[in-house]
Amino acid sequence: MHIAEGFLPREHAVAWTLAAAPFVVHGVRALTREVRANPESTLLLGASGAFTFVLSALKIPSVTGSCSHPTGTGLGAILFRPPVMAVLGTITLLFQALLLAHGGLTTLGANVFSMAVVGPWAGYAVYRLLRRTGAPLMAAVFCGAFTADLSTYCVTSVQLALAFPDPGTGFAGALAKFGGIFAVTQLPLAVSEGLLTVLVMRLLRQSSKGELARLGVLPAAGPAKGAAVR
């Protein structure tokens, strides 16, 4: 989904940067509070950022001017909530633009909005909804990661369709074209990311049960055992 450097018209690049900025600023405050209140969480925060960086660096070229790959934002959104992932995702996209020529600086705002803002919020919303309705943890984790991945590409399709409407059918025709191209590669990638995220969560449940309980992913131990989880 990384839109290539210089691919968007200037006004679109500026507009998406302005749209993403408030979420990133809010995320910086949330991340600062989390680290100050729970300094022991830095290891898991780093792991969530590394998970996003590695998965989103696995790019598959696309004829749309973008690319296809997992995003890795669902895991961090479930663990630390979407505002924190806005920061981790932005850092990931910035380093990939500077070091890997994956995405670009002029398109950073658009890429942040789709992968670091909408994807985490959509995935977290699905995760929370399923948990509230009594769905098993791993089923909710799979659906959250799947949604975070796929929603990112839906937004990228909208961004590209707004920038390059079809000469005959306008925005709707362009959206169908970009979305159709992404769907061929993204649906199996989204399923794969969901399964991988479930595997990582299983490992964390074995190695970091106390941290997951503190974050509300698992029920708290002791007297509060059995209490509702967020």
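Being a predicted model, the structure only gives us computed values, none of them experimental.
Val87 and Val24 make their closest contact through CG2-O, 3.9 Å (heavy atoms, listed as atom of the first residue, atom of the second, distance). Taking both residues in full, the closest heavy atoms of Ser114 and Val155 are given as CB-CG1, 3.7 Å, listed atom of the first, atom of the second, then distance. Summarising the geometry of Ser48 relative to Leu79, their closest heavy-atom pair is OG-CD1, 3.7 Å, with the distance given to 0.1 Å. Closest heavy-atom contact between Ala110 and Ile3: CB-CD1, 4.3 Å. Shortest non-hydrogen contact noted between Arg131 and Ala135 is NH1-O, 2.9 Å. The shortest heavy-atom contact between Gln186 and Ser68 is OE1-CB, 3.6 Å.
Two residues are said to be in side-chain contact when any heavy atoms from C-beta on lie closer than 4.5 Å; Pro83 and Trp121 meet this criterion. Within the 4.5 Å cutoff, the side chain of Leu100 has heavy atoms near those of the Phe53 side chain. Between Leu137 and Leu218, some side-chain heavy-atom pair lies under the 4.5 Å cut-off. Residues Val112 and Thr17 form no side-chain contact, since every pair of their non-hydrogen atoms from C-beta on lies 4.5 Å or further apart. Contact of the Arg29 side chain with the Arg33 side chain is registered, since non-hydrogen atoms from C-beta on lie closer than 4.5 Å. With a 4.5 Å cut-off on side-chain heavy atoms, Val200 and Val141 do not count as touching. No side-chain heavy atom of Thr73 sits under 4.5 Å from any side-chain heavy atom of Phe51. Under the 4.5 Å side-chain criterion, counting only non-hydrogen atoms from C-beta, Arg205 is not in contact with Val217.
How far OG1 of Thr156 is from CZ of Phe182: 5.5 Å, rounded to the nearest 0.5 Å. Remark: Thr106 OG1 to Glu5 CD distance equals 3.5 Å, nearest 0.5 Å. Leu75 contributes atom CG, which lies 6.0 Å from atom OG1 of Thr197 (distance to the nearest 0.5 angstrom). Rounded to the nearest 0.5 angstrom, His69 NE2 and His2 NE2 are separated by 4.5 Å. In this structure, Met201 CE and Leu199 CG are separated by 11.5 Å, a value rounded to the nearest 0.5 Å. Atoms CD1 and CG, on Ile78 and Leu215 in that order, are 12.0 Å from each other to the nearest 0.5 Å.
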Report task. Would you check, one step at a time, whether the test side-chain contact (heavy atoms from CB on, under 4.5 Å) holds for Leu204 with Leu212? Result -> CA-CA 8 Å; Leu204 290 175; Leu212 292 187; 4.0 Å; yes
Query raised in the report: Could you walk me through whether Tyr124 and Arg81 pass the side-chain contact (heavy atoms from CB on, under 4.5 Å) check?
Result: CA-CA 7 Å; Tyr124 184 69; Arg81 302 191 178 190; 3.5 Å; yes
Query - Check against side-chain contact (heavy atoms from CB on, under 4.5 Å), Tyr153 and Phe178 - result: CA-CA 9 Å; Tyr153 283 83; Phe178 288 121; over 6 Å; no
Requested in this report: Determine, step by step, whether Ser56 and Gln96 satisfy the side chain to side chain donor-acceptor pair (under 3.5 Å) criterion, reporting the C-alpha distance in whole Å, the side-chain angles of both residues, the deciding distance to 0.1 Å, and the verdict.
Outcome: CA-CA 9 Å; Ser56 60; Gln96 289 176 344; 2.9 Å; yes
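Remark: the backbone N or O of Gly72 is paired with a side-chain donor or acceptor of Glu193 at under 3.5 angstrom. The main-chain N or O of Val28 is found under 3.5 Å from a side-chain atom of Thr32 such that the two form a donor-acceptor pair. Here the side chain of Thr147 pairs no donor or acceptor atom with the backbone of Val126 at under 3.5 angstrom.
A chain of hydrophobic side-chain contacts below 4.5 Å, direct or via other Ile, Leu, Val, Met, Phe, Trp or Tyr residues, connects Phe95 to Leu45. Leu129 and Met138 end up in different hydrophobic clusters when Ile, Leu, Val, Met, Phe, Trp and Tyr side chains are linked at under 4.5 Å. Linking ILVMFWY side-chain heavy atoms closer than 4.5 Å, directly or via other members, places Val191 and Leu187 in a single hydrophobic cluster. Hydrophobic clustering, with ILVMFWY side chains joined whenever heavy atoms are under 4.5 angstrom apart, groups Phe171 together with Leu160. Follow the hydrophobic side-chain contacts under 4.5 Å out from Leu55 and you never reach Leu203; the two are in separate clusters.
Donor-acceptor pairing under 3.5 Å is recorded for the side chains of Glu34 and Ser41. Side-chain contact of Thr169 with Asp166: a donor-acceptor pair under 3.5 Å is present, judged by distance alone.
Using the six-membered ring where Trp is involved, Phe23 and Phe113 have ring planes that are perpendicular, over 60° apart on the 30 and 60° scheme. Using bins of under 30°, 30° to 60° and over 60° for the plane-to-plane angle, the ring pair Phe146/Phe142 lands in the parallel bin.
Trp16 pairs in a side-chain contact (heavy atoms from CB on, under 4.5 Å) with only one of the listed residues (Asn111, Leu162, Leu108), which is Leu162.
More than 12 heavy atoms of other residues, nucleotides or ligands shown are found within 6.0 angstrom of CG on Leu58.
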